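Below you'll find the structure, written out as structure tokens, and then a few comments.
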Amino acid sequence: MSDSQRSALVTGATSGIGRATAKKLISDGWTVFAAGRRQQQLETLATECEQLPGRLVLVATDVTDNASIDALFSTVEAAGGVDTILNIAGGALGAESIADANIDDWRWMIETNVLGSLRIIQKFLPMLRAHGEGTILNLTSTAGVVAYEGGGGYNAAKFGQHALTGALRLEEAEHNIRVVEVLPGLVKTEEFASKRMRGDESKAANVYAGVSKPLTADDVADVCSYAVNLPHHINLDEIVMRPVKQAAQHKLIRDEGTL
């Protein structure tokens, strides 16, 4: 494909970083297969992208379901295939300690973040290998390299996805597949915090209290777009991005008077 024919699959495209990344790539002129569970949100994405130069294909998809991924692959293949996969579907659920953790929450996080990425990768690897210059970008998190209290399940899922990504890069270099990992720190998206805090809006707001400029979904989308738009021989192995006020996982500056 020429640069004007670049084509990507973006999972998690119904909200947050996935949605912002799909829009950014479409604005860059890509063909984007936007995959997500919620059809209505996909349709509103289509409305928002009507005037953008790229092409959008909506595909309702559940990354935890093999049959759904098979249907996604058939749609992508029939429409000409892709050279780039961006695994952005994922999330956190709950903030309990390990002692009080709900096993079903951990199961959901591992199924979505780790096994969801694995299912997509396994299904599309032959297509990317055949292309000759494929790219896989996995959105993980700084939670995948530094553990923190109340984040055990999300840590476990993102550590697993981080390890998967590193092994994949080693295994697929011989097939000329570029494997990129983007690891954001504090990103303000309403749905992520709300889901993690089980819909408690006051607790969700406290995650960002006093932080004047957390990262946004658009910030992360810009970085993802930059990484996959680079010439294929340039691989940004691991991109850790945080707001300036988050100097490290354990050091977050909260401004007085805004808490």
Side-chain angles (χ1 to χ4, degrees), residues 1-13 17-18 21-22 24-26 28-35 54-55 57 59 61 63 66 68-90 112-141 144-145 157-184 220-241:
M1 296 179 180
S2 67
D3 289 344
S4 63
Q5 297 173 310
R6 297 292 303 279
S7 183
L9 165 65
V10 179
T11 69
I17 296 170
T21 300
K24 181 65 175 72
L25 290 176
I26 294 166
D28 291 340
W30 288 53
T31 292
V32 173
F33 294 87
R55 174 181 172 230
V57 181
V59 193
T61 305
V63 299
N66 289 331
S68 182
I69 291 175
D70 288 344
L72 168 66
F73 181 83
S74 295
T75 298
V76 172
E77 186 177 44
V82 294
D83 61 84
T84 300
I85 302 291
L86 296 99
N87 283 308
I88 299 182
T112 306
N113 293 279
V114 185
L115 299 182
S117 295
L118 177 61
R119 291 185 184 96
I120 291 288
I121 290 166
Q122 287 186 329
K123 191 68 180 180
F124 284 88
L125 261 180
M127 180 181 290
L128 298 187
R129 288 173 175 175
H131 179 272
E133 289 191 345
T135 296
I136 296 171
L137 185 149
N138 288 341
L139 184 82
T140 63
S141 169
V145 291
K158 287 302 185 183
F159 266 78
Q161 194 182 17
H162 171 66
L164 179 158
T165 306
L168 182 70
R169 185 179 300 112
L170 295 172
E171 293 169 355
E172 292 303 318
E174 65 186 88
H175 300 292
N176 203 33
I177 291 179
R178 175 172 60 176
V179 179
V180 180
E181 181 178 5
V182 177
L183 304 89
V220 182
D222 285 345
V223 170
C224 292
S225 172
Y226 178 80
V228 300
N229 271 300
L230 285 171
H232 185 267
H233 70 284
I234 303 172
N235 189 31
L236 301 182
D237 286 11
E238 297 177 5
I239 310 168
V240 175
M241 56 182 298

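As the structure is a computational prediction, the values presented were derived from the model and not from experiment.
By the side-chain hydrogen bond (donor to acceptor under 3.5 Å, both in side chains) test, Thr75 pairs with no residue at all, sequence neighbours left out. In terms of the side chain to side chain contact (heavy atoms under 4.5 Å, CB included) criterion, residue partners of Ser68 (sequence neighbours excluded) are, by chain and number, Thr61, Asp62, Asp65. Contacts of His232 classified as side chain to side chain contact (heavy atoms under 4.5 Å, CB included), with partners at least two apart in sequence or in another chain: Glu133, Thr135, Asn176, Arg178. Listed by chain and residue number, Asn138 satisfy the side-chain hydrogen bond (donor to acceptor under 3.5 Å, both in side chains) test with Asn87 (two or more places apart in sequence, or in another chain). Annotation: side-chain hydrogen bond (donor to acceptor under 3.5 Å, both in side chains) contacts of Thr84 (sequence neighbours excluded): Arg6. Partners of Lys158 according to the salt bridge (Lys or Arg N to Asp or Glu O under 4.0 Å) rule, which considers only residues two or more places apart in sequence or in another chain, do not exist here. By the side-chain hydrogen bond (donor to acceptor under 3.5 Å, both in side chains) test, Ser141 pairs with no residue at all, sequence neighbours left out. Judged as a ring-ring contact (aromatic ring centres under 6.0 Å, His included), and not counting sequence neighbours, the contacts of Phe73 are Phe124. Checked against side chain to side chain contact (heavy atoms under 4.5 Å, CB included), Ala173 has no partners two or more places apart in sequence or in another chain. Applying the side chain to side chain contact (heavy atoms under 4.5 Å, CB included) rule to Arg129 yields the partners Leu125, Glu172, His175, Ile177; only residues at least two apart in sequence or on another chain are considered.
Inter-residue side-chain proximity for Val182 and Leu137 is flagged as met; some heavy-atom pair is nearer than 4.5 Å.
Taking CG from Leu72 and CZ from Arg119, the interatomic distance works out to 13.0 Å, rounded to the nearest 0.5 Å.
For the residue pair Lys24 and Ala221, the shortest heavy atom distance occurs at CG-O, 4.1 Å.
Applying the salt bridge (Lys or Arg N to Asp or Glu O under 4.0 Å) definition to pairs two or more places apart or across chains, none involves residues 220-234.
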